[in-house]
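Written below as structure tokens is the structure these notes are about.
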Amino acid sequence: MPKPKIRKEAVPMPKQPPKERADNFREVAIGYSEEQALAEAERCLQCREAPCVKGCPVEVDIPTFIKLIRERRFGEAAMKIKEKNSLPAVCGRVCPQEEQCQAKCTVGRIGEPTSIGRLERFVADWERQHGCEIPQKCPTTGKKVAIVGAGPAGLTVAADLIKLGHEVTIFEALHKPGGVLTYGIPEFRLPKKIVEAEAEYIEKLGVTLKTNALIGRLYTIAELLRQFDAVFIGSGAGPPTFMGIPGENLCGIYSANEYLIRVNLMRSYDFPKAGTPICGGEEVAVVGGGNVAMDSARCALRLGAKDVKIVYRRSREEMPARIEEIENAEEEGIRFEFLTSPKRFIGNERRRVKAMECVRMRLGEPDDSGRRRPVPIEGSNFMVDVDIVIMAVGRTPNPIIKQTTEGLETTKWGGIVTDEDGKTSIEGVYAGGDIVTGESTVISAMGAGRRAARAIHEFLMKKETCARKKRNV
Amino acid sequence: MYKILAKRELAPHINLFEFSAGEVSAKTKPGQFVILRIDEDGERIPLTIADADPGKGTIAVACHGVGKTTTQLGRLKEGDFVLDLLGPLGKPARIEKFGTVLCVGGGVMVAPLHFQAKAFREAGNNVIGIVGATTRDHLIFLEEMENTCNHLLVATDDGTKGHKGMDFLKDLIKETKIDRVVAEGPVVMMKAVSDLTRQHGIPTMVNLIPIMVDGMGMCGACRVTVDGKTLFACVDGLEFDGHQVDFDELLARLKVYTPQEKLAYVFSEQGERN
Ligand SMILES: Cc1cc2nc3c(=O)[nH]c(=O)nc-3n(C[C@H](O)[C@H](O)[C@H](O)COP(=O)(O)OP(=O)(O)OC[C@H]3O[C@@H](n4cnc5c(N)ncnc54)[C@H](O)[C@@H]3O)c2cc1C
Ligand SMILES: Cc1cc2nc3c(=O)[nH]c(=O)nc-3n(C[C@H](O)[C@H](O)[C@H](O)COP(=O)(O)OP(=O)(O)OC[C@H]3O[C@@H](n4cnc5c(N)ncnc54)[C@H](O)[C@@H]3O)c2cc1C
Ligand code: SF4
Ligand code: FES
């Protein structure tokens, strides 16, 4: 192989400077210019066996779309990605590429891997600004599909099935579509206008979107099955977990879900123009170590907190959050208390939290997840002053559908049981995304949606053939 | 968009709205609530359903203008729309034949309590109703409650109509065999009623309305402590065993946003004037 003459360093992502961005909710990463995108695209080796593609959960044809960028055919590059991934502007921003495609990239052996995510974002943004084509649809089949939840899983199933000619209706409980993309991931990481554009695109394809429709209460799954030929459940992760330690219901202690819903879905940062208030706090502690914890901490900082710390019971290496987001948080001035866990919360006379008792931890034997189990160090307790605490220690599946759907098999923790194609224990009912896997990623929810859409299509077409046969007899 | 088909003033700042919400009305049971949002900048506010008519495709809610959003809603007229309306939320109240059921309602919440009282009566109970308010002018749904209950009592905090305060309840409970009490209204009232009935061992259900955001179990804003356990009022309630509820925690949690609420109210009233 000839020695590649490529730069070892990736073209850096232009960002708002940390000092400046810590005060606003505008997007942190500004995005590549055309020149920067072209320069970065040049770093790709166009490997024949394309290891990056194997690292991508939905197998986007990465070398081909990068080649199209080099040829300045940006619109076609976007179409190429969309063959496999219907939400590239979202995925380019929030996928953990460093663990997926970029982890496998050949260039990564000699320097920084090709910045596949940044290039994906570039072409998706280019396409949004220049207008995109509505793809051709298959002839209508007359089959009707109901989708529960307008998160990445539900939106993917909707897009795939409408293109195949089925009639699709999405039922979303909240007043806006997008799922976590709308209510969870903050504006500065994923601008809401992008999510809105993606949802509009899906409506343009012909999908009917019904918001304010909580399935289980407004209609049960059984009722949907009477009106629709198949149902897909993509209801995601729901209720927040608390630790069950004393003082957790004091005023000023939020679940990350509540905090993020107030900030993102209800735009509390724009209070009082936007009607929903939030307590910003001066000394904020966020408990947890995932993306949810990072997002909460960075929101608190932007709402004006003086001191924000992340309290995590393991060490930095075990943190499940994306490295990029940990670095961003650090740059912005968020402090980390590793190997630390809260024991109880102490309130003032008005029942507002004022302090948190913590204990130091050490890492013991590995647990089921393969990570070393944190063990409290006896006698290491200490107090921390806080006026706001955000608990980001996990979420459980929303129980409303489980409680109202007879015969739907669920796991011990309340997730829906499916086969690889998303088929549940009820004929004609499919499920995918966080409601099946537990908290995962946007792209894995989309991957599950794609597989389920294929299975639903086969199911509907088989039903059709059977019906025809019956009619002929 | 959900249309206001009818509006009726029940008392100063208290209005009864009838919304066109066909699908919701078909599913509504007494004890459930809706969350509505007036416009794009609006807060999501919960309101308990006071009636549902699946035939007409309507639901009714009574709303007391106490802050920014409820005052804004009070200004809307017949023919106006609200942007979002989600429901029915929460578990239906337990309606069965218990025997004699005492329904204690305070303030605006008498309207949704009437919805429950009606169902108790239909289920064959002897229903005693109590309608309470701070003062005479704020008493609502007297006629409706009169028609629904086998027996109706009235009380005001200042004694301008009916009994003064709730002391008469003590005697009522001693003199009458009551099988179940259902209370809906201000937290302090529900707490006082629960404290009283606890001594007599009368099962007492209270309808808790902590601050909520999504109303579908996703955020935990509405968490309440019942029998030492943390529950989410929007999915586990609204109805809880009054003898097990930590009312003091609930009262404190309702005050979390007091400074912000004042700010929002002033800000929005200024906007209204300009
Ligand atoms: C704060 C935060 C940050 C994250 N950051 C990242 C990241 O950087 N990268 C990444 O890859 N992943 C990230 N994730 C994870 C990722 O967002 C999720 O894995 C993904 O959104 C799951 O998609 P889903 O479609 O299964 O569910 P969701 O996105 O949760 O959508 C489910 C939808 O269903 C609706 N719903 C629920 N119940 C009902 C019902 N009964 N009837 C009607 N509608 C209902 C909900 O309102 C919601 O809109 C993050 C998650 C959070 C919370
Ligand atoms: C499940 C549920 C059902 C409800 N049903 C009704 C109803 O049928 N009719 C009705 O008039 N009101 C009802 N409420 C209360 C109503 O939702 C609040 O009054 C409203 O949210 C206040 O909004 P605001 O912007 O007008 O006032 P804000 O300025 O937000 O608050 C003004 C005052 O109202 C109190 N308040 C705020 N939120 C709540 C709340 N969630 N519950 C009780 N008090 C609150 C505050 O402590 C403050 O004193 C219900 C609340 C819940 C949670
Ligand atoms: S592995 Fe890296 S260099 Fe090779 S084709 Fe994929 S992106 Fe290009
Ligand atoms: S209001 Fe959010 S969980 Fe109840």
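Within every chain, numbering begins at 1; the chains are lettered A, B, ... in the order of the sequence lines, protein sequences first and strands thereafter. The structure displayed is predicted, hence computed values, not measured ones.
- Rounding to the nearest 0.5 Å gives a distance of 7.0 Å between CZ of B/Arg223 and CD of A/Glu248.
- If you measure heavy-atom distances from A/Tyr259 to chain B, you find no contacts under 4.5 Å at all.
- Contacts of A/Leu218 with chain B are made by both backbone and side-chain atoms, with heavy-atom separations under 4.5 Å.
- Comparing B/Arg44, B/Lys255, B/Glu40 by how many heavy-atom pairs each has under 4.5 Å with chain A, the most go to B/Arg44.
- Minimum heavy-atom separation, B/Gly42 to A/Thr276: O-OG1, 4.4 Å.
- Under a 3.5 Å cut-off, the side chain of B/Asp41 and the backbone N or O of A/Arg267 do not form any donor-acceptor pair.
- Look at A/Arg262 and B/Glu43 and you find no salt bridge, because none of the NZ, NE, NH1 or NH2 atoms lies under 4.0 Å from a carboxylate O.
- Residue B/Leu254: no heavy atom, backbone or side chain, is found under 4.5 Å from chain A.
- Taking both residues in full, the closest heavy atoms of B/Cys219 and A/Pro240 are given as O-CG, 3.6 Å, listed atom of the first, atom of the second, then distance.
- With B/Asp84 contributing its side chain and A/His175 its backbone, the two residues share no donor-acceptor pair below 3.5 Å.
- The part of B/Tyr2 that comes within reach of chain A is its side chain, from C-beta onward, which places non-hydrogen atoms under 4.5 angstrom from that chain.
- Contacts between B/Gln72 and chain A at a heavy-atom distance below 4.5 Å are absent for every atom of the residue.
- Residue B/His13 places its NE2 atom among 12 or fewer non-hydrogen atoms of other residues, nucleotides or ligands, all under 6.0 Å distant.
- Across every non-hydrogen atom of A/Leu250 and B/Arg253, the tightest pair is O-NH1, 3.6 Å.
- With rounding to the nearest 0.5 Å, the separation of CG in B/Asp214 from OH in A/Tyr183 is 9.0 Å.
- Counting heavy-atom pairs closer than 4.5 Å to chain A, the top residue among B/Lys68, B/Glu249, B/Gln32 is B/Glu249.
- Contact of A/Asn249 with chain B is made through backbone and side chain together, with heavy-atom distances under 4.5 Å.
- A salt bridge between B/Lys27 and A/Glu223 is present, with a side-chain N of the basic residue lying under 4.0 Å from a carboxylate O of the acidic one.
- The line from CZ of A/Arg217 to CE of B/Met216 is 10.5 Å long, rounded to the nearest 0.5 Å.
- Chain B forms the most heavy-atom pairs under 4.5 Å with one residue out of A/Asp270, A/Leu260, A/Ile253, and that residue is A/Ile253.
- Both the backbone and the side chain of B/Leu89 have a heavy atom closer than 4.5 Å to some heavy atom of chain A.
- Taken from CD1 in A/Ile400 to NZ in B/Lys91, the straight-line distance is 10.0 Å, to the nearest 0.5 Å.
- Contact count against chain A (heavy-atom pairs under 4.5 Å) is highest for B/Leu263 among B/Val266, B/Leu263, B/Thr69.
- Contact of A/Ala256 with chain B is not made at all, since no heavy-atom distance falls under 4.5 Å.
- Looking at B/Asp246, only its side chain comes within 4.5 Å of chain A, counting heavy atoms on both sides.
- Between the A/Arg352 side chain and the B/Ala252 main chain, no donor and acceptor come within less than 3.5 Å of each other.
- Here NZ of A/Lys273 is found 13.0 Å from OG of B/Ser268. Values are rounded to the nearest 0.5 Å.
- With hydrogens and angles disregarded, no donor-acceptor distance shorter than 3.5 Å links the side chain of A/Ser255 to the backbone of B/Gly220.
- Counting non-hydrogen atoms of neighbouring residues, nucleotides and ligands closer than 6.0 angstrom, the NZ atom of A/Lys343 reaches no more than 12 such neighbours.
- Checking side-chain atoms of B/Gln260 against main-chain N and O of A/Ile278 turns up a donor-acceptor pair under 3.5 Å.
- Aromatic ring orientation, A/Tyr254 versus B/Tyr257: tilted (interplanar angle from 30° to 60°).
- Rounding to the nearest 0.5 Å gives a distance of 8.0 Å between CG of B/Leu83 and CG of A/Asn212.
- Heavy-atom distances place both the backbone and the side chain of B/Val256 under 4.5 Å from chain A.
- Interface residue B/Arg37: only side-chain heavy atoms are found under 4.5 Å from chain A.
- In A/Lys354, the NZ atom is not crowded: 12 or fewer heavy atoms of neighbouring residues, nucleotides or ligands sit closer than 6.0 Å.
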